[in-house]
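Data block below; observations after.
Only this structure's heavy atoms are used, side chains among them; waters, hydrogens and symmetry mates stay out. Residue numbers start from 1 in every chain, and the chains themselves are labelled A, B, ... in the order their sequence lines are given, proteins ahead of strands.
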Amino acid sequence: MKSTPKAPEPGPDLSKAYEAKLVEKKWYQTWMKNGYFKASSKSKKKPYTIVIPPPNITGILHMGHALNDTIQDILTRFKRMQGFEALWLPGTDHAGIATQNVVERSLREENLTRHTLGREKFLERVWKWREKYGNTIIRQLQRLGASCDWDRTRFTMDEGLSRAVREVFVRLYDKGLIYRGNYIINWCPRCQTALSDEEVHHKDITGHLYYMKYAIEGSDEYVTIATTRPETMLGDTAVGFNPKDERFQHLKGKTAILPLLNRKLRIIEDEDIDPKFGSGALKITPAHDPVDFLLGKKYKLDSINILNPDASLNENAGPYKGMDRFEARKKILAELEDRRILLETKEHVHAVGHCYRCSTVIEPYLSLQWFVRMKPLAEKAIQVVKEGKTTFVPARWNKVYLDWMTNIRDWCVSRQIWWGHRIPVWYCEPCRAKNPSEGLIVAVEEPKKCPKCGNAELVQDPDVLDTWFSSWIWPFSTLGWPEITAYLKYFYPTDTLVTGYEIIFFWVARMIMSGLEFMGKEPFKTVYIHGIVRDDTGAKMSKSLGNAVDPIQIIDEYGADALRFALISITAEGQDVYCSKEKFEFGRNFANKLWNASRFIAMNRKPRLLKKVPTTAQLSSADRWILSRLHQTIEKVTACLEKHRFNEAAGVIYDFFWHELCDWYLEIVKGHIDSPGVQWVLHEAHDKTLKLLHPFMPFITEEIWQSIPHTGETIMRAPWPKAEKKRIDTKIDAQMQLVIGEIQAIRNVRSAWQINPKDSVKVVVKAGRDKELKVLQNYSTIIAQMAKVSSLQMGKNLSRPKESAVASIGRVETYVVLTGLVDVKVERQRIEIALTDVDKMIKNLQGRLENQEFLKKAPKDIVDKERLKAEELANRRQRLQDNLKALTD
RNA sequence: GGGCAAUUAGCUCAGUUGGUUAGAGCGCUUCCUUGACAUGGAAGAGGUCACAGGUUCGAGUCCUGUAUUGCCCACCA
């Protein structure tokens, strides 16, 4: 802190330090107030649409959301600036099981359960909960800077979407694509509902394989079977073996006796039974195992359900009735052991299904459920991806999608919970009593009476639909479907879907199917799949693990822009992100740099000089160089964004702004910053960089942009910069590269000899060729200024001054005069190191140039380049040796 | 059992059509508080690109295999 500033702070618009909180609040309110986020279907522009992956109403913003939504915001803001009518449609998901669990947990604190409350009262509580907490994540998204059209916010249980859900159910039912039936499904005993296959998370568990003997009726023989879940034996109705298995031929047609319960079991033969597994013989439990279920159907076996919905054993379990499944397992094993029926116990690793919501071990469970027939829906969905109408980025996910789609199985959509879309099916009991296949009414609106018999006492199916049954129609239900609104017509199909790979099957694949089925068109063109955000040890971030870096905390401390920029920068295409708090310092530092450079530019701005575009002649080489770099940057950033290479785009801007504009251009022009050329160029580069950066860092760029001369109300709607080919000058780029190299060479010597940065040095430059000499002469002022040189002599044939150190780059030799400082030993060492380097390179290069094959087969420009290099290196080597010799003399 | 990713500097990671002396950020060393910025500036050290083969004039990049790690899918009880 300076105690007595000589002059009042210029550039009054930008405060000394960037205050993220105030700025973010101010601009977000302004943007909202002015309706900048809104998209209209009446626009003449081309539409660009993204629908948000609706976060659960139970959710709070975590880093995964922050990444997901930052990407969407970047795309939306980019396209908006490019002149599209950009719609980012927000909303939330009612999250059936998750929300019900949360509310039930809060009921428990009041010693209530949903059952004591009753369905209606319970649902009231859930709605109340959602009013209170359901919008938390929306507010958090706003703090992130999300430019969603909030007036269009939808909720999967709002009226329109609920109507769309029923419509979809009815249409699929009428087409024969929805059916009800008794099948083995995945049952969560804790949530007490069926789950789809996708909702079961398989974990490898080291369990046991128990070998036990079942007696054969009318003999003293027995058959050995192996199982991992011995308690299911209580539901056994058969024993099976492979017909080719020699070991069991004598059992053909016989009957086995189930231990403990003494039930008679048929012995069947089936090709699908693997003789190599366990003992080769299989116990068959049709009600509690998917394979056994199929065998049961095939051989018309009885199914005996031994479990209650909470996975305790029911009356069919005889003496074990009322016991928990795992307790029963222990008890049964003990008894089997006592009776010497248990022969052997082996360790066995197998995949055990767990509930994706509560991690409880799933039970395969026979029950009456509703299913969607998926094969017919999958056909077209396979086609559009094969034809490239919808593409995954990165492309490897195309294959994952197609594999799953090709092996798709029917989707169990009924859930035995209360929070969700009630299945639009009503039953007429009198009709059903007459004929069980009748008396079922499937309708969008609740029917008043049975159309068959006129009975008005209809009973609605108690189940609700899978949460994903409302999200799979999200891309069009949110746009007004089943009404064919102008809005729907204009914005559908959407353009980009941004999501993580964990919900490709749950959500993305199903949306493609439903979009094709109900809209006749794929719902999006590109599916951008990003990685999962993990903590720095690689574990998935979660609140329960306590390893989560809270994005809101980062926003509070470093600002939303810092969070966004850092997050995007460390996320390579489709790779998982390892995240720690320190990584966000990167974003904060960049925001700080941007802010301070902007202050510096503001302090030195002469607004009257900005009006006229200078002619090329009015621009210095440095001016033309930074313009050239600017336009290359514009070109690259635009291309990267089109290709979804967000981290690369961020990196390109970062490098340009920090390392070219600030480190070089600003330092070069500091002495003559009032010149018209510099003023214009500086403003141009600053303005365009802010625009390029806006999708990444919306707040700080708006704040700065508003303080500089500009036209238009907001940077949000300023036109995206266009790369002008005529400004790109690769000759100038090469010249500057040489100059920068020369400056760095001098600085290197200065640093090696510990010359005080305040002191000037004398330098003699020997450039052997006109080409380099001319360039260096043209830029001599810059070189002198940047390397702090008081006297700079340049020529073709200058000799080394006494007491000087040498630096070589290319064909240029630079002598820095070090009167009284030169230590011959040290300088010799420096040269020797340089010599070793050069020798290594020469050796490497010679190998190539002596290779006839290389000379024959490599492209000419490559060979020429290598020759030139070799020549240069040889030259340098010679000069280094000369210098070394001079030192020794 | 099938598939996919990853393996590059002390750490975290970039490196898309094979072709300069393989890059960045953090950390480290030395110097610098000069009126934009110490959340900064200058200079520097640090890598046989997991391993073994192969294709090629040329491989971090392509192919095959191996190892290690992680993830996804799969009804072997």
| How does RNA chain B look in dot-bracket form if you count Watson-Crick and G-U pairs under 3.5 Å, write [ ] for pairs that cross, and put | where a base pairs with another strand? | (((((((..((((.....[...)))).(((((.......))))).....(((((..]....))))))))))))....
| said: So, does A:Asn589 get its side chain near the phosphate of B:G40, meaning an N or O under 4.0 Å from OP1 or OP2? | reply: yes
| query | Expressed as a whole number of Å, how far does the C1' atom of B:G54 sit from that of B:U29? | reply | 43 Å
| Taking atom C1' of B:C72 as reference, at what distance in whole Å does atom NZ of A:Lys203 sit? | 15 Å
| message | Do A:Glu742 and A:Thr814 pair up side chain to side chain, a donor and an acceptor below 3.5 Å, judged on atom types alone? | response | yes
| said: Can you see if the side chain of A:Lys758 gets near the phosphate of B:U33 - specifically, an N or O under 4.0 Å from OP1 or OP2? | reply: yes
| said: I need the CG-P distance between A:Asp663 and B:G41, as an integer number of Å. | reply: 6 Å
| task | Could you tell me the separation between the CG atom of A:Asp655 and the P atom of B:G23, rounded to a whole number of Å? | result | 13 Å
| query | Given B:U21, B:U30, B:C37, which nucleotide is nearest the side-chain atoms of A:Arg848? | reply | B:U21
| Can we call the ring centroids of A:Phe586 and A:Tyr654 under 6.0 Å apart? | yes
| field | B:C75 versus B:A6 - spacing of their C1' atoms, nearest Å | value | 31 Å
| task | Determine whether A:Met697 and A:Arg564 make a side-chain contact, defined as any pair of heavy atoms from C-beta on separated by less than 4.5 Å. | result | no
| query | What nucleotide among B:A14, B:G19, B:C31 has an atom nearest to a side-chain atom of A:Ala858? | reply | B:G19
| request: Applying side-chain hydrogen bond (donor to acceptor under 3.5 Å, both in side chains), run through A:Asn592 and A:Asn596 and close with a yes or a no. | output: CA-CA 6 Å; A:Asn592 179 260; A:Asn596 282 300; 3.3 Å; yes
| said: If the cut-off is 4.0 Å, is A:Lys788 near the phosphate of B:A42, judged by side-chain N/O to OP1 or OP2? | reply: no
| said: Pairing donors with acceptors under 3.5 angstrom, does anything connect the side chains of A:Lys583 and A:Ser569? | reply: no
| field | Validation row, ring centre A:His348 to ring centre A:Phe277 under 6.0 Å | value | yes
| message | For the P atoms, the ones on B:C57 and on B:G15, what distance do you get once it is rounded to whole angstrom? | response | 29 Å
| field | P spacing across the pair B:G44 / B:G23, given as an integer number of angstrom | value | 13 Å
| task | Determine the Euclidean distance between corresponding C1' atoms of B:A45 and B:U64; express it in Å to zero decimal places. | result | 38 Å
| Just to confirm, is there a sub-4.0 Å distance from OP1 or OP2 of B:C37 to any side-chain nitrogen or oxygen of A:Lys16? | yes
| query | Looking at the side chain of A:Met841, which of B:G25, B:U21, B:C37 is the nearest nucleotide? | reply | B:U21
| field | Length of the line joining A:Trp404:CH2 and B:G2:C1', which is rounded to integer Å | value | 18 Å
| Which part of the nucleic acid, if any, lies within contact of A:Phe505, taking any heavy atom under 4.0 Å across all strands shown: a base, the sugar-phosphate backbone alone, or nothing? | sugar-phosphate
| task | Give one of base, sugar-phosphate or nothing for A:Trp658, where a contact means two heavy atoms less than 4.0 Å apart. | result | sugar-phosphate
| message | Could you tell me if A:Arg848 and A:Asn844 have a donor-acceptor pair between their side chains, going purely by distance under 3.5 Å? | response | yes
| request: Round to a whole Å and report the spacing from CD of A:Glu667 to P of B:A42. | output: 8 Å
| field | Residue A:Lys593, side-chain atoms from C-beta onward, closest of B:C57, B:C4, B:A36 | value | B:A36
| said: Just checking A:Lys298: does its NZ atom have more than 12 heavy atoms from other residues, nucleotides or ligands closer to it than 6.0 angstrom? | reply: yes
| task | Could you measure between the two C1' atoms, the one in B:A59 and the one in B:A22, and give it in whole Å? | result | 13 Å
| query | In terms of side-chain heavy atoms of A:Leu845, which of B:G19, B:A43, B:U21 is nearest? | reply | B:U21
| field | Interatomic distance, A:Asn844 CG vs B:A59 C1' [rounded to whole Å] | value | 13 Å
| Counting side-chain heavy atoms from CB outward, which of B:G44, B:A14, B:A36 is closest to A:Lys670? | B:A36
| When rounded to the nearest Å, what value does the distance between C1' atoms of B:C31 and B:A14 take? | 30 Å
| message | Are A:Tyr401 and A:Trp397 an aromatic pair, judged by ring center distance below 6.0 Å? | response | no
| request: Take nucleotides 5-10 of chain B nucleotide by nucleotide from the 5' end and write B, S or -, depending on whether a protein heavy atom sits under 4.0 Å from the base, only from the sugar-phosphate, or from neither. | output: SS----
| message | Taking the minimum atom-to-atom distance to the side chain of A:Gln754, which one of B:A43, B:C37, B:C31 wins? | response | B:C31
| task | Taking only the side-chain nitrogens and oxygens of A:Asn748, find out if one of them lies under 4.0 Å from OP1 or OP2 of B:G44. | result | yes
| message | For B:C57, does the base pair up with any side-chain atom of A:Lys856 as donor and acceptor (N or O, under 3.5 Å, distance only)? | response | no
Using nucleotides 75-77 of chain B, report all nitrogen or oxygen pairs with the protein that are shorter than 3.5 Å.
| unit_1 | atom_1 | unit_2 | atom_2 | d |
| --- | --- | --- | --- | --- |
| B:C75 | OP1 | A:Arg409 | NH1 | 2.9 |
| B:C76 | O2 | A:Asp274 | OD2 | 2.6 |
| B:C76 | N3 | A:Asp274 | OD2 | 2.7 |
| B:A77 | OP2 | A:His348 | NE2 | 3.3 |
| B:A77 | N6 | A:Asp274 | O | 2.7 |
| B:A77 | N6 | A:Phe277 | O | 3.4 |
| B:A77 | N1 | A:Asp274 | N | 3.3 |

| Separation of A:Tyr654 atom OH from B:C13 atom P, in whole Å? | 18 Å
| task | Indicate whether OP1 or OP2 belonging to B:A43 is found under 4.0 Å from a side-chain N or O atom of A:Gln744. | result | yes
| Pairwise C1' distance for B:A42 and B:G47, with rounding to whole Å | 24 Å
| request: Could you tell me the separation between the CD atom of A:Glu648 and the P atom of B:G23, rounded to a whole number of Å? | output: 16 Å
| A:Phe506/A:Tyr356 aromatic ring centres below 6.0 Å | yes
